[in-house]
Participant: 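Next up is a structure, given as structure tokens.
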Amino acid sequence: MAQEGVLLGMGNPLLDISAVVDQEFLDKYDIKLNNAILAEEKHLPLYEEMASKFKVEYIAGGATQNSIRVAQWLLQIPGATSYMGSIGKDKFGEEMKKNATQAGVNVAGDIDLHPPQSHIVTVHYYEDDAPTGTCGVCVVGGERSLIANLSAANCYKPDHLKKPENWALVEKAKFYYIAGFFLTVSPESILHVAEHAVANNKIFCTNLSAPFICEFFKDVQDKVFPYMDYVFGNETEARAFSKVHGWETENVEEIAVKISQLPKASGTHKRITVITQGADPVVVAEDGKVKTLPVVLLPKEKLVDTNGAGDAFVGGFLSQLVLGKPIEECVRAGCYAANVIIQRSGCTYPEKPDFK
């Protein structure tokens, strides 16, 4: 049975500003579907324009926070998960701090959900003077594209991690999940936790997260990779990783094996690569071998939006991993969670899971 604080996540807490937009809007801001980028100067007016032109929803998000919330929801064990990141000293920061598990924030900016105890994630936020980070979620035909303005999320300090009350969360946890997006913010913090994990025979998980992480943060990604026991990603990210490493293959199964065989800091745990491919089977590589596991297909008319699907898959997977379940069961839980999330707006879920 999972115990209190068994799973710790660190990442960039962001407020998702989500709307169904049109192709003209995507073209105006040079946005490609099924992509995730950091906001540049040209993207900064996008958030206001979304709010004025389209019906927007505000949802507490950020990749790692989404995954941790979904894992907590599936585990239904109060306090089983914890999370650290950086928010602003503003209204949205206050709301995120009060309630790390809100399913949604209404347009007035007030949280309209009081979560049951079984949804509660232990959060230790670092608070910065910058505004709470935001992420534009542009949805067209159920597919999403993410434009993140990190703002306060970009200000996380290793000093916060080293405070006794925060390091206590690290020591209590047996499993860690830090998505690749955090490489842009505090690689020093990642390495600090990773070295603790190796020294104490614990499990460290990460995510390729986005093609731009593989392309522009290759050196720092390569530095933390030896510590990684589980690597998640989707087929686009896997191909970007392959390209920057000069592997000259676009075959996802081959790439998954190569990632699993990269050098490791410790031989205690073998590395396992898990690559999702949308509606196609999930690719799992370990010990030089690959298996593919089917996903639960959803009729097109039930698809609301794909935002958070990958995060939810990881959250579902981790919920069973911390319980010691086999890989097949972890993937099944990941597929279940992703299936629930894509039938709703944003990374939200009903009060109780019905995963059997």
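The figures that follow rest on heavy atoms only: side chains count, while hydrogens, waters and symmetry mates do not.
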Participant: Any donor-acceptor pair under 3.5 Å linking the side chain of Asp287 with the backbone of Lys289?
Facilitator: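 Checked: no pair found.
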
Participant: Check Leu161 against Ser189 and note the closest heavy-atom contact, atom names and distance.
Facilitator: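 Looking at all heavy atoms of both residues, the closest pair is CD2-O, 3.7 Å.
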
Participant: Once side chain to side chain donor-acceptor pair (under 3.5 Å) is applied, do any residues pair with Tyr336, and if so which ones, sequence neighbours excluded?
Facilitator: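 Tyr336 satisfies side chain to side chain donor-acceptor pair (under 3.5 Å) with Asp354 only.
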
Participant: Mind checking the CD-NZ spacing from Gln221 to Lys218? Nearest 0.5 Å is all I need.
Facilitator: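 So the gap between those two atoms works out to 9.0 Å.
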
Participant: Aromatic rings Phe181 and Phe212: how do their planes relate, parallel, tilted or perpendicular, breaks at 30° and 60°?
Facilitator: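 Phe181 vs Phe212 ring planes: tilted.
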
Participant: Return the minimal non-hydrogen interatomic distance between Ser67 and Val314, and the atom names on each side.
Facilitator: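 That would be OG-CB, 3.8 Å.
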
Participant: Assess, by modelled atom type and distance only, whether the side chains of Ser86 and Asp128 contain a donor and an acceptor separated by less than 3.5 Å.
Facilitator: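 Not at all, the side chains of Ser86 and Asp128 share no donor-acceptor pair under 3.5 Å.
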
Participant: Would Gln3 and Ile77 satisfy side chain to side chain contact (heavy atoms under 4.5 Å, CB included), going step by step from the backbone distance to the final call?
Facilitator: CA-CA 8 Å; Gln3 72 273 41; Ile77 301 163; over 6 Å; no

Participant: Honestly curious: do Val6 and Val170 fall in one hydrophobic cluster under the side-chain, below-4.5 Å linking rule?
Facilitator: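 Looking at the clustering, Val170 is in a separate group from Val6.
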
Participant: Check whether any side-chain heavy atom of His196 sits under 4.5 Å from a side-chain heavy atom of Tyr176, and report yes or no.
Facilitator: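 With C-beta onward as the side chain, the pair touches.
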
Participant: Are the side chains of Ser242 and Glu250 in touch, meaning some heavy atoms are under 4.5 Å apart?
Facilitator: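 The answer is no; the side chains never approach within 4.5 Å.
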
Participant: Decide yes or no for Asn207 and Glu237: does some side-chain heavy atom of the first lie under 4.5 Å from some side-chain heavy atom of the second?
Facilitator: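 Touching, per the 4.5 Å side-chain cut-off.
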
Participant: Contact between Ile342 and Lys302 at the side-chain level, heavy atoms closer than 4.5 Å - yes or no?
Facilitator: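 SC-SC contact between Ile342 and Lys302 ruled out.
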
Participant: Take atom NZ of Lys264 as the centre, draw a 6.0 Å sphere, and report whether it contains more than 12 heavy atoms from other residues, nucleotides or ligands.
Facilitator: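 Yes, the 6.0 Å shell around NZ holds more than 12 heavy atoms from other groups.
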
Participant: Applying side chain to side chain contact (heavy atoms under 4.5 Å, CB included), run through Tyr58 and Asp16 and close with a yes or a no.
Facilitator: CA-CA 6 Å; Tyr58 296 91; Asp16 284 352; over 6 Å; no

Participant: Is it true that Leu323 and Phe204 fall in one hydrophobic cluster, defined by side-chain heavy atoms closer than 4.5 Å?
Facilitator: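 No; Phe204 is not reachable from Leu323 via cluster members.
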
Participant: Does a side-chain N-to-carboxylate-O contact under 4.0 Å join Lys223 and Asp219?
Facilitator: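 Looking at Asp219 together with Lys223, the answer is no, because their closest N to O distance does not fall below 4.0 Å.
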
Participant: Could you check whether any side-chain N or O of Arg271 sits under 3.5 Å from a backbone N or O of Pro263, counting only pairs where one atom can act as donor and the other as acceptor?
Facilitator: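 Indeed, once roles are kept as given, a pair shorter than 3.5 Å links the two residues.
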
Participant: Any side-chain heavy-atom pair from Phe313 and Ile341 closer than 4.5 angstrom?
Facilitator: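 Counting from C-beta outward, Phe313 and Ile341 never come under 4.5 Å.
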
Participant: Taking everything shown except Glu301 itself, do over 12 heavy atoms lie less than 6.0 Å from its CD?
Facilitator: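 Enclosed: over 12 neighbouring heavy atoms sit under 6.0 Å from CD of Glu301.
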
Participant: Report the C-alpha distance between Lys163 and Asp159 in whole Å, list the side-chain angles of each, state the deciding distance to 0.1 Å, and finish with yes or no for salt bridge (charged side-chain N to carboxylate O under 4.0 Å, His left out).
Facilitator: CA-CA 7 Å; Lys163 285 184 175 176; Asp159 290 352; over 6 Å; no

Participant: Would a distance-only check, ignoring hydrogens and angles, find a side-chain to backbone donor-acceptor pair under 3.5 Å from Asn166 to His160?
Facilitator: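 Side chain of Asn166 to backbone of His160: a pair is present.
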
Participant: Specify the closest pair of heavy atoms between Gly278 and Glu235, including all atoms of both residues, with the distance to one decimal.
Facilitator: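 Shortest heavy-atom separation between Gly278 and Glu235 comes out as N-OE1, 4.3 Å.
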
Participant: Are any of the side-chain heavy atoms of Trp73 and Ser319 separated by less than 4.5 Å?
Facilitator: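 No; the side chains remain at least 4.5 Å from each other.
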
Participant: Do Lys174 and Ile203 touch side chain to side chain, with heavy atoms closer than 4.5 Å?
Facilitator: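 With C-beta onward as the side chain, the pair stays apart.
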
Participant: Side-chain heavy atoms nearer than 4.5 Å, only ILVMFWY residues, links allowed to pass through others: does that put Val193 and Val185 together?
Facilitator: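 As far as the 4.5 Å side-chain criterion goes, Val185 and Val193 are connected within one cluster.
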
Participant: What heavy-atom pair brings Pro187 and Val220 nearest, and what distance separates the two atoms?
Facilitator: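 Closest heavy-atom pair between Pro187 and Val220: CB-CG2, 3.2 Å.
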
Participant: I'd like to check Val21 versus Lys53 (side-chain heavy atoms, cut-off strictly below 4.5 Å). Are they in contact?
Facilitator: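 With C-beta onward as the side chain, the pair stays apart.
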
Participant: At what distance, to the nearest 0.5 angstrom, does CG of Leu26 lie from CD1 of Ile147?
Facilitator: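 Reported value, rounded in 0.5 Å steps: 8.0 Å.
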
Participant: Would you name the heavy atoms of Gly88 and Thr132 that are closest together and state the gap between them?
Facilitator: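 Taking Gly88 first and Thr132 second, the nearest heavy atoms are N-OG1, 3.0 Å.
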
Participant: Verify, without hydrogens or angle tests, whether Gln320 (side chain) and Gly316 (backbone) share a donor-acceptor contact under 3.5 angstrom.
Facilitator: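 No, Gln320 side chain to Gly316 backbone: no donor-acceptor pair under 3.5 Å.
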
Participant: Take Val257 and Thr273 through the side chain to side chain contact (heavy atoms under 4.5 Å, CB included) test and state the conclusion after the steps.
Facilitator: CA-CA 7 Å; Val257 170; Thr273 316; over 6 Å; no

Participant: What distance separates Met84 CE from Thr64 OG1, expressed to the nearest 0.5 Å?
Facilitator: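 Spacing of CE (Met84) from OG1 (Thr64) equals 12.0 Å.
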
Participant: Check the hydrophobic clustering (I, L, V, M, F, W, Y; side-chain heavy atoms under 4.5 Å; chains of links allowed) and say if Ile259 and Ile272 are grouped together.
Facilitator: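 No, separate clusters.
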
Participant: Check the hydrophobic clustering (I, L, V, M, F, W, Y; side-chain heavy atoms under 4.5 Å; chains of links allowed) and say if Leu38 and Ile178 are grouped together.
Facilitator: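 Yes; tracing contacts between hydrophobic side chains, which count when under 4.5 Å, links both residues.
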
Participant: Return yes if some donor-acceptor pair links the side-chain N/O of Gln72 with the main-chain N/O of Thr81 below 3.5 Å, else return no.
Facilitator: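 Yes: the side chain of Gln72 pairs with the backbone of Thr81.
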
Participant: Applying side chain to side chain contact (heavy atoms under 4.5 Å, CB included) to Tyr83 and Leu169, what does each step give before you reach the verdict?
Facilitator: CA-CA 9 Å; Tyr83 175 81; Leu169 294 180; over 6 Å; no

Participant: Should Tyr156 and Asn12 be marked as a side chain to side chain donor-acceptor pair (under 3.5 Å) after you check the CA-CA gap, both sets of side-chain angles, and the distance that decides it?
Facilitator: CA-CA 9 Å; Tyr156 190 82; Asn12 303 331; over 6 Å; no

Participant: Give me each pair satisfying side-chain hydrogen bond (donor to acceptor under 3.5 Å, both in side chains) with a member in residues 141-151, each pair once, sequence neighbours excluded.
Facilitator: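 Every side-chain hydrogen bond (donor to acceptor under 3.5 Å, both in side chains) pair that includes a residue of residues 141-151, provided the two are not neighbours, is Asn34-Glu143.
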
Participant: CD of Glu248: more than 12 outside heavy atoms within 6.0 angstrom?
Facilitator: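 Atom CD in Glu248 is not crowded, with 12 or fewer foreign heavy atoms closer than 6.0 Å.
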
Participant: Output the distance between atom CG (Leu7) and atom OH (Tyr177), rounded to the nearest 0.5 Å.
Facilitator: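 If we round to the nearest 0.5 Å, Leu7:CG and Tyr177:OH are 10.5 Å apart.
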
Participant: Please name the pair of heavy atoms, one in Gly136 and one in Met50, separated by the smallest distance, quoted to 0.1 Å.
Facilitator: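 Taking Gly136 first and Met50 second, the nearest heavy atoms are CA-SD, 4.2 Å.
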
Participant: Determine, using ring centers only, whether Tyr230 and Phe175 are less than 6.0 Å apart.
Facilitator: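 No.
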
Participant: Nearest 0.5 Å, please: how far is NZ in Lys172 from CD in Glu4?
Facilitator: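 Here the interatomic distance stands at 4.0 Å.
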
Participant: Using 0.5 Å steps for rounding, measure from the CZ atom of Phe182 to the CD1 atom of Ile190.
Facilitator: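 Answer for the CZ-CD1 pair, Phe182 versus Ile190, is 6.0 Å.
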
Participant: Give a yes or no on this: more than 12 heavy atoms of other residues, nucleotides or ligands lie within 6.0 Å of atom CD of Glu188.
Facilitator: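 Open.
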
Participant: In this structure, which one of Thr236, Val283, Val284 forms a side-chain contact (heavy atoms from CB on, under 4.5 Å) with Ile275?
Facilitator: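 Of all the options given, the one that passes is Val283.
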
